[in-house]
Amino acid sequence: MILNRIEFALMNNPVRTAVQRHCEVRQLLRMGGPLKGGHVLEIGCGRGVGTELILTHFGADSVDAFDLDPKMVALAERRFESRRLPVRFWVGDATRISARDNAYDAVFDFGIIHHIPDWRQALKEVYRVLKPGGVFYAEEVLRPVILNPVIRRLLDHPLEDRFDSGRFLKELEITGLEPIQSKDLFGAFAWFMARKKAAA
Ligand SMILES: C[S@@+](CC[C@H](N)C(=O)[O-])C[C@H]1O[C@@H](n2cnc3c(N)ncnc32)[C@H](O)[C@@H]1O
């Protein structure tokens, strides 16, 4: 589900960039540490700030990134247009990722899975495109925020079958993504790091 006008504005401003850089990325780094290079995917990349941080702060060698909203992808492409960096953007859907199986060393989700009606299918796709031993980093917005009456008035989210941390962790396990670490903030936001089990 793409963002309404209010959330589009909330996601495209310097405050959002600062929160992503100084809070979300820092928390994910504390949990998982940087990567040892590698080919990385970002789902729901928005305007590409996360994509940049995956290169600069997590040390990925290259990042593929997509978003359901063509306007977001255009902003992300513009962010990188004058720089020769190993990034590639496209318009796409996290429930049908156009990538081969076992393609990526890591996948990042900066607050997108709560926007997907069939979020379990998105987790299955993350599992499919990760290499065995690959890592999934996620930052998510939880059910109490989505169902809050004020948030419901202001923003558009799917309302059925939303998750709290426990539900998300369980679903990671069911999907074959072994939770390594997680942190819940007031039952409202959460960070997760999980690993695709290496082949036996
Ligand atoms: C809350 S915004 C977060 C954007 C960006 N990751 C950030 O942290 O600034 C959620 C993003 O997910 C995208 N999105 C929603 N459903 C999606 C889907 N099924 N596949 C890919 N992207 C999706 C929206 O277009 C939006 O850009």
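Sequence positions, counted from 1, serve as the residue numbers for this chain. For ligands, and for the atoms within them, numbers begin at 1 and follow the listed sequence.
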Q: Start with the C-alpha gap between Arg88 and Ser62, add the side-chain angles, then the distance that decides, and say whether side chain to side chain donor-acceptor pair (under 3.5 Å) holds.
A: CA-CA 8 Å; Arg88 191 169 69 92; Ser62 56; over 6 Å; no
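Counting the atoms of ligand 1 from 1 in the order shown, those under 4.0 Å from a heavy atom of Met72 are 27 (O). The distance from ligand 1 to the heavy atoms of Gln20 drops below 4.0 Å at these ligand atoms: 8 (O), 9 (O). Close approach of ligand 1 to His115 (heavy-atom distance below 4.0 Å) involves ligand atoms 1 (C), 10 (C), 15 (C). The contact set between ligand 1 and Gly92, taken as ligand atoms under 4.0 Å from a residue heavy atom, comprises 20 (N), 21 (C).
The shortest N or O to N or O distance between Asp93 and ligand 1 is below 3.5 Å.
A salt bridge links Arg16 to Glu24: at least one charged side-chain nitrogen sits closer than 4.0 Å to a carboxylate oxygen. The pair Arg78-Glu81 fails the salt-bridge criterion, with no side-chain N (NZ, NE, NH1 or NH2) lying under 4.0 Å from an Asp/Glu carboxylate O.
Scanning Asp69, Asp118, Asp109, Asp67 for the heavy atom closest to atom 27 (O) of ligand 1 points to Asp67. Relative to atom 12 (O) of ligand 1, the option among Val73, Ile112, Val141, Leu155 with the closest non-hydrogen atom is Ile112.
When only non-hydrogen protein atoms are considered, atom 16 (N) of ligand 1 lies nearest to Met1 N, 3.3 Å. Closest to atom 8 (O) of ligand 1 among all protein heavy atoms lies Arg16 NH2, 2.5 Å. Looking from atom 1 (C) of ligand 1 to the surrounding protein, the closest heavy atom is Gly111 O, 3.3 Å. Looking at atom 5 (C) of ligand 1, its nearest protein heavy atom turns out to be Gly44 O, 3.5 Å. Looking only at heavy atoms of the protein, atom 3 (C) of ligand 1 is closest to Phe110 O, 3.6 Å. When hydrogens are left out, the protein atom nearest atom 20 (N) of ligand 1 is Ala94 N, 2.9 Å; that is the closest non-hydrogen contact.
Remark: side-chain polar atoms of Arg128 are paired, donor with acceptor, to backbone N or O of Ile97 under 3.5 angstrom.
A heavy-atom separation below 4.0 Å is not found between Ala122 and ligand 1. The closest approach between a heavy atom of Gly50 and any atom of ligand 1 is not below 4.0 Å. Using a 4.0 Å heavy-atom cutoff, Ile116 is listed among the residues neighbouring ligand 1. Distances from ligand 1 to the non-hydrogen atoms of Ile43 include no value under 4.0 Å. For the pair Val49 and ligand 1, no heavy-atom separation below 4.0 Å is found.
Considering all non-hydrogen atoms of both residues, Cys45 and Thr51 come closest at CB-OG1, 3.9 Å. Considering every non-hydrogen atom in both Leu123 and Thr175, the closest pair reads O-CG2, 3.5 Å.
By the 6.0 Å contact criterion, CZ on Arg83 is enclosed, its count of non-hydrogen atoms from other residues, nucleotides or ligands being greater than 12. Residue Lys131 places its NZ atom among more than 12 non-hydrogen atoms of other residues, nucleotides or ligands, all under 6.0 Å distant.
Contacts between Leu68 and ligand 1 below 4.0 angstrom, taking non-hydrogen atoms only, involve backbone and side chain alike. Residue contacts with ligand 1 for Glu7 involve side-chain atoms from C-beta outward but no N, CA, C or O (heavy atoms, distance under 4.0 Å).
Qualifying salt bridge (Lys or Arg N to Asp or Glu O under 4.0 Å) partners for Arg79, counting only residues two or more places apart in sequence or in other chains: Glu52.
Under the 6.0 Å distance and 45° angle rule, Arg5 does not count as a cation-pi partner of Phe8.
Test Arg152, Arg153, His157 against Leu155 for side chain to side chain contact (heavy atoms under 4.5 Å, CB included) and you get one pass: His157.
Cluster membership for Ile2 and Trp119, using ILVMFWY side-chain heavy atoms within less than 4.5 angstrom, is not shared.
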